[in-house]
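Chain letters run A, B, ... following the sequence lines, proteins first and then strands; every chain starts at 1.
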2 protein chains.
Amino acid sequence: MTSRHTRNKQENRQGNDARLPLTGWAVLGLLSFRGERTGYELKKWADSSLRFFYWSPAISQIYAELRRLEALGYAMSRCSGAEEPRATRRYTITESGRGALAAWADGAGDPGAPVLKHPLVLRVWLGHLAAPDTLRALVERHIERTRGELKEVRDARLRAARVAEWEFPRVALGWSERQHLAELELAEAMLADLDRLAAARRRPPTGGA
Amino acid sequence: MTSRHTRNKQENRQGNDARLPLTGWAVLGLLSFRGERTGYELKKWADSSLRFFYWSPAISQIYAELRRLEALGYAMSRCSGAEEPRATRRYTITESGRGALAAWADGAGDPGAPVLKHPLVLRVWLGHLAAPDTLRALVERHIERTRGELKEVRDARLRAARVAEWEFPRVALGWSERQHLAELELAEAMLADLDRLAAARRRPPTGGA
DNA sequence: GTGTACATGTAATCCGTTACATGATTCC
DNA sequence: GGAATCATGTAACGGATTACATGTACAC
């Protein structure tokens with residue numbers, strides 16, 4: 001709860017240290033895999049892969065991030081059809097952008113702790129206020145959802161397996177697949193805990209734990 | 001169709017549906033376990049328990065949320081030492097607040113999908129831009145950090161084990177403990193993947209995958 | 001008398017979402 | 001002609017953080 005070391009923030013002009021939010025690096029990363037993409041395409045790509053281990057920004061956020069990357073000289077855009085409004089705009093990563101991304105990716109700095117917000121567990125935490133069946137149903141629905149996600153992760157990993165250069169995305173997706181399996185196990189273990197708790201409550205609270 | 005005063009949103013006075021952000025319910029939940037706490041105390045409590053499965057809001061956020069809860073009639077505050085500025089202010093949950101919290105906790109509505117943002121995996125995803133040693137070091141540091149967290153979760157669970165009424169927090173913390181164990185295994189599996197990948201790269205890419 | 005923990009709050013700012021507005025193309 | 005998908009963007013807003021401002025109590 002105390003102060004950290006100071007650092008200025010408004011000094012990201014060109015080329016120097018330019019601290020982007022992680023989302024910025026993520027978008028630049030998407031751009032680095034495949035050349036000349038529209039924001040719309042990047043969004044779909046994020047939805048079908050990035051979101052499993054990181055997050056898929058809203059489309060409007062992606063557009064904003066792309067504009068920022070271009071302002072920094074990390075990306076270039078080419079607008080189809082002269083200067084009409086609403087023409088499709090395709091972005092490419094620049095050399096400068098590739099350099100900055102590589103420097104970021106290879107940096108030794110702390111990537112930051114994982115952020116985990118689990119609304120289901122939050123509900124369980126307040127379980128004494130809910131009926132046992134409510135909780136059970138919630139957990140079961142979560143298990144169903146996770147199974148669905150798991151399928152999607154697998155598909156994504158299989159797709160990635162077909163492109164030789166996507167070795168690292170493949171590792172990330174492999175991590176994600178195992179993560180989803182673990183999530184299933186965790187939910188099932190919690191279900192068992194809840195059942196045990198409900199059973200203990202139905203009996204008069206005589207003996208031990 | 002265009003009637004003015006139909007659904008303005010600043011009309012959540014008392015008792016009706018009052019949709020809070022999850023953070024609001026979390027803070028109200030903290031308040032529901034222990035009566036008469038200061039914002040500062042709630043923050044520490046969140047840091048040592050809530051954050052393992054959900055999240056610990058910034059202290060300023062907690063103060064803001066407490067003010068909102070009071071405005072909704074879900075909490076009351078009592079200010080020590082008359083009307084001095086900067087006196088300590090203790091909050092209590094009200095009956096109305098307890099009712100609203102219970103209704104929320106027992107609701108069948110979707111609690112929302114878990115949010116997982118894993119900056120480390122994001123880095124791995126872009127691993128082709130980094131030196132193998134950089135990644136290894138990152139993952140190993142993450143393992144160390146997770147081990148530390150695991151210890152803290154265990155402490156929290158042991159503390160919770162001493163209070164009989166904290167059965168559900170105990171379940172949540174049990175989930176969290178297993179989650180941290182899983183996180184360790186995931187990181188180790190990823191490390192193995194990375195090593196395999198690095199080894200394959202050192203050899204000429206002759207045969208199959 | 002200095003540092004640390006306790007304690008509260010404001011201001012600026014940013015990140016990100018939702019809702020809205022617009023329009024082209026394609027398929028039926 | 002109408003729906004779905006592709007495609008881009010603006011506006012309003014809310015959630016949350018950081019930095020800052022302020023002050024007490026207590027230990028050393």
Between B/Glu183 and B/Thr146, does any side-chain donor sit less than 3.5 Å from a side-chain acceptor? no
Among [options], which nucleotide sits nearest the side chain of [X]?
{"X": "A/Thr38", "options": "C/dT18, D/dG15, D/dA7", "answer": "D/dA7"}
{"X": "B/Tyr91", "options": "C/dG9, C/dG16, C/dA7", "answer": "C/dG9"}
{"X": "A/Tyr63", "options": "D/dA7, D/dA16, C/dT18", "answer": "D/dA7"}
{"X": "B/Lys44", "options": "C/dT17, C/dC6, D/dT18", "answer": "C/dC6"}
{"X": "A/Arg68", "options": "C/dC15, C/dT17, C/dG9", "answer": "C/dC15"}
{"X": "B/Ala58", "options": "D/dG9, D/dT18, C/dG16", "answer": "D/dT18"}
{"X": "B/Tyr40", "options": "C/dA5, C/dT17, D/dG15", "answer": "C/dA5"}

Which residue lies more 5' along DNA chain D, comparing B/Glu65 with A/Arg90 via nearest heavy atoms: A/Arg90
[X] [atom1] to [N] [atom2]: how many Å, rounded?
{"X": "A/Leu50", "N": "C/dG16", "atom1": "CG", "atom2": "C1'", "result": "15 Å"}
{"X": "A/Asp47", "N": "C/dT17", "atom1": "CG", "atom2": "C1'", "result": "14 Å"}
{"X": "A/Leu42", "N": "D/dA7", "atom1": "CG", "atom2": "C1'", "result": "12 Å"}
{"X": "B/Ile62", "N": "C/dG9", "atom1": "CD1", "atom2": "P", "result": "13 Å"}
{"X": "B/Ile59", "N": "D/dT17", "atom1": "CD1", "atom2": "C1'", "result": "13 Å"}
{"X": "A/Arg19", "N": "C/dC14", "atom1": "CZ", "atom2": "P", "result": "14 Å"}
{"X": "A/Leu22", "N": "D/dA16", "atom1": "CG", "atom2": "C1'", "result": "16 Å"}
{"X": "A/Leu66", "N": "D/dA7", "atom1": "CG", "atom2": "C1'", "result": "13 Å"}

Do B/Arg37 and B/Trp45 form a cation-pi contact, if we require the NZ or CZ to be under 6.0 Å from the six-membered ring centre and within 45 degrees of the ring's axis? no
Is NZ or CZ of B/Arg170 both nearer than 6.0 Å to the six-membered ring centre of B/Trp175 and within 45° of the ring axis? no
Does [X] have a side-chain nitrogen or oxygen under 4.0 Å from the phosphate oxygens OP1 or OP2 of [N]?
{"X": "A/Ser60", "N": "C/dT18", "value": "no"}
{"X": "A/Arg67", "N": "D/dT10", "value": "yes"}
{"X": "A/Thr88", "N": "C/dA24", "value": "no"}
{"X": "B/Trp55", "N": "D/dT17", "value": "yes"}
{"X": "B/Lys43", "N": "C/dA5", "value": "no"}

Using a strict 4.0 Å threshold on nitrogen-to-oxygen distance, state whether B/Arg145 and A/Asp110 make a salt bridge. yes
B/Lys43/B/Asp47 ion pair, N-O < 4.0 Å: yes
For A/Ser60, give me all partners under side chain to side chain contact (heavy atoms under 4.5 Å, CB included), at least two apart in sequence or on another chain. A/Ala58
